[in-house]
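These notes concern the structure reproduced below.
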Number of protein chains: 2
Amino acid sequence: MTGDGPVTRIQKRNHAAILDAALDVFSRQGFAGATLDAIAAQAGLSKPNLLYYFASKEAIYTGLLTRLLADWLAPLRALDPHGDPVDEILGYMRRKLDMSRRLPRESRLFAGEILSGAPRFLDRIEGELRDLVLEKAALIDDWSRGGRLAPLDGRHLIFSIWATTQHYADFDVQVRGVLRPESDEHWIQARDFLDALYRGALTPAR
Amino acid sequence: MTGDGPVTRIQKRNHAAILDAALDVFSRQGFAGATLDAIAAQAGLSKPNLLYYFASKEAIYTGLLTRLLADWLAPLRALDPHGDPVDEILGYMRRKLDMSRRLPRESRLFAGEILSGAPRFLDRIEGELRDLVLEKAALIDDWSRGGRLAPLDGRHLIFSIWATTQHYADFDVQVRGVLRPESDEHWIQARDFLDALYRGALTPAR
DNA sequence: CGTCGATCTGACCAGGCGGTCAAACATTTT
DNA sequence: AAAATGTTTGACCGCCTGGTCAGATCGACG
């Protein structure tokens with residue numbers, strides 16, 4: 001294994017299979033609770049073979065985090081300075097909620113990492129994540145000061161959108177345990193609720 | 001050890017020391033990542049001595065969850081049907097935010113358990129937690145229908161208050177990583193932000 | 001086909017884990 | 001003081017874990 005990432009056809013296939021299996025296992029069990037045997041079994045490989053592709057459990061985990069971070073931040077990055085403020089923020093909320101629905105494993109992976117103190121992720125939180133949040137928060141604060149949004153702290157507004165949308169992925173068992181949805185109707189309810197919540201709070205000049 | 005809880009003076013002291021140490025370790029490392037050695041060290045006891053007081057790691061963990069659940073639900077239980085709707089809900093939000101600030105270990109303990117699928121807690125989520133949420137959500141829905149609150153789904157409103165307030169405990173390292181607060185001023189900002197958010201969204205008749 | 005590197009595996013290891021136990025030590029009771 | 005009960009410990013065990021390694025197998029290519 002060179003450090004240049006997958007090259008051959010087999011490498012590409014197994015590399016991807018391992019990362020997908022690892023996402024499954026790490027997101028359910030956390031870093032400490034996950035075992036290489038479980039990841040290998042889920043990927044359909046033997047444990048030594050898995051270690052032929054990744055140097056260590058640690059390497060799989062950090063590989064996952066790195067690979068997923070960009071996708072994870074994409075919705076916020078798409079917040080458009082030239083759009084209508086309320087529409088932009090509601091749109092961002094919807095994209096995040098949609099990500100929670102479609103990519104709950106990724107959401108739980110990040111949640112578990114941060115919950116346990118982000119020992120392997122703190123540098124990127126304080127780096128690109130921080131930069132992006134502060135940039136977009138400044139944009140929101142501009143909108144607020146211009147009277148195009150109710151006066152709300154942009155940084156905490158972003159936090160609240162993370163919290164409310166990721167809640168439906170991270171705390172899925174609790175949401176389902178309380179609501180007992182027959183299929184997925186609670187996602188529609190969540191969308192409508194959050195739409196009303198943020199529309200009511202963001203709309204200025206009442 | 002009988003099953004009747006601490007009796008002697010020494011038992012009371014060590015029992016409490018163990019639970020406090022366990023809260024520390026479990027909330028930082030999760031169930032799988034925590035070790036009996038770490039808990040014993042934190043409690044100032046030897047591992048066998050720790051197991052003299054609790055039958056197993058599992059027993060300490062579930063003992064903790066049970067002991068803390070009532071306290072955890074107290075703020076919601078205090079939601080008063082006879083109070084002013086907006087004030088009641090804002091008051092509830094403040095109590096929850098205050099709990100996140102004062103009891104972050106407890107918040108992270110529950111978060112970790114639910115995040116990993118609540119394998120040892122699901123029955124109580126579907127039991128007393130569900131009952132309480134549905135009761136208070138019905139109250140909120142009554143207020144909404146009576147025009148005393150903006151029309152919002154009570155169950156999802158409760159979820160959103162959990163999400164936004166517990167976020168500051170569960171994702172503390174991320175919040176601090178982004179905001180870099182010099183002391184604890186971000187808790188004040190959070191209170192003001194959430195106050196404005198929910199006041200704006202809840203206030204009816206615009 | 002044959003060769004050579006890429007891929008894969010069974011057997012194995014050292015360390016850490018939850019948990020046990022007999023015996024030592026403390027404390028209370030008689 | 002002695003007996004009885006409650007508390008603590010060092011030594012230990014079996015199991016699982018992450019990781020290694022020598023060698024077997026596979027697959028692309030001349």
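Just so we're clear, the structure is a prediction, and the values are computed from it rather than from any experiment. Any value given below was found using the heavy atoms of this structure, including those in side chains, with hydrogens, waters and symmetry copies removed. Naming: A, B, ... by sequence-line order, numbering from 1 per chain.
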Before accepting this row, confirm whether a basic side-chain N of the pair [X]/[Y] lies closer than 4.0 Å to the acidic partner's carboxylate O.
X	Y	result
A:Arg191	A:Asp195	no
B:Asp141	B:Arg145	no
B:Asp98	B:Arg94	no

Rounded off to whole Å, could you give me the [atom1]-to-[atom2] distance for the [X] and [N] pair?
X	N	atom1	atom2	result
A:Lys57	D:dG18	NZ	C1'	8 Å
A:Leu50	C:dT7	CG	P	14 Å
A:Ile10	C:dG5	CD1	P	17 Å
B:Gln29	C:dC17	CD	P	11 Å
A:Tyr52	D:dG19	OH	C1'	17 Å
B:Tyr61	C:dG18	OH	P	14 Å
A:Lys12	C:dA6	NZ	P	15 Å
A:Phe54	D:dG19	CZ	P	13 Å

Can you tell me if the side-chain N/O atoms of [X] get under 4.0 Å from OP1 or OP2 in [N]?
X	N	value
A:Gln11	C:dA6	no
A:Ser56	D:dG18	no
B:Asn14	D:dT8	yes

Heavy-atom nearest nucleotide on DNA chain D taken for A:Thr35 and for A:Arg9; more 5' hit belongs to A:Thr35
Compare the minimum distances between each of D:dA28, C:dC8, D:dT8 and the side chain of A:Asn49, then state the nucleotide with the smallest one.
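Between D:dA28, C:dC8, D:dT8, the one nearest the side chain of A:Asn49 would be C:dC8.
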Side chain of B:Pro48 only, heavy atoms from C-beta on: which candidate in D:dC21, C:dT7, D:dA11 is closest?
D:dA11
Under 4.0 angstrom, heavy atoms only, what part of the nucleic acid is A:Ala34 near: base, sugar-phosphate, or nothing?
sugar-phosphate
Under 4.0 Å between any heavy atoms, over every strand shown, what does A:Leu51 touch: base, sugar-phosphate, or nothing? Just pick one.
base
Under 6.0 Å between ring centres, would you say that holds for A:His156 and B:Tyr168?
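Yes, ring centres under 6.0 Å apart.
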Per nearest nucleotide of DNA chain C, the residue lying toward the 5' end, A:Ser46 or B:Glu58, is A:Ser46
Toward the 5' end of DNA chain C, by each residue's nearest nucleotide, A:Lys47 or A:Arg13
A:Arg13
Do the side chain of B:Ser144 and the main chain of B:Ala150 share a donor and acceptor less than 3.5 angstrom apart?
yes
